[in-house]
Amino acid sequence: MKLRFLGTNSEDGKCPTLYETETGQIVVQGYELTDAEALEQLRDVLPGEKFVIVPRDLLINFAPRE
């Protein structure tokens, strides 16, 4: 799978970052959500799914608008 870098708000090369796959799916790099209370509120979680936290402005600035 090839990834295309979309953007980051990081100033020092750390996450969070957005990428797009060849098929148009979005890959989100961020810090893993570990807060137990927040994890309990998530819906329809499938085996193998992970959750990451990214700043809202990362999505506003770099997520595709199509």
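Below, all heavy atoms of this structure are taken into account, side chains as well, without hydrogens, waters or symmetry copies.
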| request: Spell out, as yes or no, whether a donor-acceptor pair under 3.5 Å connects the side chain of D35 to the backbone of A38. | output: yes
| message | Quick test of your reading of the model: are R4 and E20 salt-bridged, counting only N-O distances below 4.0 Å? | response | yes
| Joint hydrophobic cluster, V52 plus I26, side-chain heavy atoms closer than 4.5 Å | yes
| message | As an exercise, state the distance from CG of L33 to CG of L39, rounded to the nearest 0.5 Å. | response | 4.5 Å
| query | Can you hop from I53 to V28 via hydrophobic side chains spaced under 4.5 Å? | reply | no
| request: Ignoring hydrogens and angles, tell me if any N or O in the side chain of E40 forms a donor-acceptor pair with the backbone of E37 under 3.5 Å. | output: no
| query | Can you check whether P16's main-chain N or O pairs, donor with acceptor, with S10's side chain at less than 3.5 Å? | reply | no
| Less than 4.5 Å apart, any side-chain heavy atom of T17 and any of V54? | no
| query | CG/L42 to CZ/F51 distance, rounded to the nearest 0.5 angstrom? | reply | 4.5 Å
| F62 versus D57: any side-chain heavy-atom pair under 4.5 Å? | no
| note | In terms of heavy-atom contacts, E49 and V45 come closest through OE1-CA, 3.4 Å
| note | Between the CG atom in N61 and the CZ atom in R56, the distance rounded to the nearest 0.5 Å is 12.0 Å
| task | Give the minimum heavy-atom separation between N9 and L58, together with the two atoms involved. | result | ND2-N, 3.1 Å
| message | For M1 versus E22, what's the shortest heavy-atom pair and its separation? | response | CA-OE1, 3.7 Å
| field | Point-to-point distance, once rounded to the nearest 0.5 Å, from OG1 of T8 to CD of Q29 | value | 7.5 Å
| remark: Taking every heavy atom of F5 against every heavy atom of Y19, the minimum-distance pair comes out as CA-CD2, 3.8 Å
